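Note that this is a predicted model, so its numbers are computed, not measured. Chain letters run A, B, ... following the sequence lines, proteins first, then strands; residues in each count from 1.
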There are 2 protein chains.
Amino acid sequence: MAAAATRQHIVEAADRLFYERGFEATAFADIAAATGLSRGNFYYHFKVKNEILDAVITLRLERTRLLLAGWQAAAETPVERIHSFIGMLIGNRAKIMLYGCPVGTLCAELAKLDHIASSRASELFTLFREWLAGQFSLLGRAADADRLAMHLLMRSQGVATLAAAFRDEAFIRREVEQMNLWLEALSPAASLPLET
Amino acid sequence: MAAAATRQHIVEAADRLFYERGFEATAFADIAAATGLSRGNFYYHFKVKNEILDAVITLRLERTRLLLAGWQAAAETPVERIHSFIGMLIGNRAKIMLYGCPVGTLCAELAKLDHIASSRASELFTLFREWLAGQFSLLGRAADADRLAMHLLMRSQGVATLAAAFRDEAFIRREVEQMNLWLEALSPAASLPLET
DNA sequence: GTATCATTAGGACGATTGACCTAGATCCGG
DNA sequence: CCGGATCTAGGTCAATCGTCCTAATGATAC
């Protein structure tokens, strides 16, 4: 059953192209060229283009869950885990400066298109939001955990947008440092174990 | 010479549609329907679609300069003026929750399309950036004025992105309040005259 | 009133889009 | 070795895209 592999191949190529060029601007011919498959073949795996988008969003949701679970397991303190989230901006800085944040730009495009998958795309944000809120709760900020999560999410989105507009890596590093300081200031006690 | 009026009519309709639907997703037929003009008429005023985009960006640049000049004249202190900038998020909240920030989303789309006008679109950001930096300089923060300007710009972009993704007005108000507090904390002395 | 130029309407073009169809290739249990 | 199911390639479709062209209309000057 090589079909599953082919389907996966298509979805991953679409995932990359949707990020780099946008959903609407990516034609089947582009995905066909990227995968080396024929155009018509797509319609065996997906009836309409929206189904590919759906599959891409599903893939991203899965990968995001894995990413969050990885951070959850790799770090012992919530502060460390939140640092992992912030660190994404550094780790993905090259692509971010070219194409912005994959989540933010997809949501923005689908919102403008009034696309059905718009709400499903924002679930990607919700994953980060709820995970971050969980970490802030562990930090003893259960009362305003969601507020803090949204604040941090907001800052990462703003950084990605401006970093792409100005192609400015120094700006990313500067703001990331400020976000880390903001986090440390939130609960100085909880972060102490990191420095011992 | 009604040609100038017609041209202006086209550009303003395109400006709105490019914001609400995006550049690529807006076809000539859409602008024609919005203006009540015939498709072919466009090519008397603009040779190619990119020229319309160029005219739209020029229009936005002009309006932004007027906006900034208005704030400059209406308020006497830099703190008040910066509050005007932050207040945009409240004033335009309805459209922001539907379509995001006009500047940020346009820059993001053009960057993905590798469009020639991409750098020209980011000049819109530069206008705000330099104006804000000027205000921070007046606040006695000349040394890190640009850094502060970028920070504030970043926060407004993040707020717009998340506000659109979650359609959350309370989030906007909460973050705007935090931005105002951040500004007041920057130079408590300079803001005192506002409270007397 | 006529000649001239500016402006507009609307049709037609080639290219490309998403979508569909069918014939052939591949696989696999009997 | 076969026969049915699975999978793929490539052609075709109508619709729509940006672009172009021409004829009709409007206004202006003499």
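Taking atom OH of residue B:Tyr43 and atom P of nucleotide D:dA23, one finds them 21 Å apart after rounding to whole Å. Distance B:Leu37 CG to C:dA6 C1': 16 Å, rounded to the nearest Å. Following rounding to the nearest Å, A:Asn41 (CG) and D:dG10 (P) show an atom-to-atom distance of 10 Å. With rounding to whole Å, A:Glu24 atom CD is found 8 Å from C:dG18 atom P. The distance between atom CD1 of A:Ile31 and atom C1' of C:dG18, rounded to the nearest whole Å, is 11 Å. A straight line from CG of B:Asn50 to C1' of D:dT19 spans 13 Å, rounded to a whole angstrom. What separates OH of B:Tyr44 from C1' of C:dG11 is a distance of 20 Å, to the nearest Å. Rounded to a whole Å, the CZ atom of A:Arg7 is 15 Å from the C1' atom of D:dT6.
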* Audit row: B:Arg173, B:Glu169, salt bridge (Lys or Arg N to Asp or Glu O under 4.0 Å) steps and yes/no -> CA-CA 6 Å; B:Arg173 297 192 179 277; B:Glu169 178 170 342; 2.9 Å; yes

* Hey, mind stepping through A:Asp144 and B:Arg174 against salt bridge (Lys or Arg N to Asp or Glu O under 4.0 Å) and telling me if it holds? -> CA-CA 12 Å; A:Asp144 53 355; B:Arg174 206 191 312 139; over 6 Å; no

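Comparing A:Lys47 and A:Ala29, the nucleotide of DNA chain C nearest to each residue sits closer to the 5' end for A:Ala29.
A cation-pi arrangement, defined by a distance under 6.0 Å to the six-membered ring centre and an angle within 45 degrees of its axis, is absent between B:Arg60 and B:Phe18.
Nearest to the side-chain atoms of A:Phe28 among the listed nucleotides D:dA9, C:dA19, C:dA9 stands C:dA19. Comparing atom distances between the B:Ala27 side chain and each of D:dG18, C:dT17, C:dA19 picks out D:dG18 as nearest.
Using a 4.0 Å cut-off, some side-chain N or O of A:Thr6 falls inside it from OP1 or OP2 of D:dT8.
Nearest approach of B:Gln72 to B:Trp131, heavy atoms of both residues: OE1-NE1, 2.8 Å.
Checked options B:Arg16, B:Gln8, B:His9; the residue passing with B:Glu12 is B:Gln8 (criterion: side chain to side chain donor-acceptor pair (under 3.5 Å)).
Backbone-only engagement by A:Thr26 is indicated by non-hydrogen atom pairs under 4.0 Å involving sugar-phosphate atoms exclusively.
Side-chain N/O atoms of A:Arg39 and base N/O atoms of D:dT12 include a donor-acceptor pair closer than 3.5 Å.
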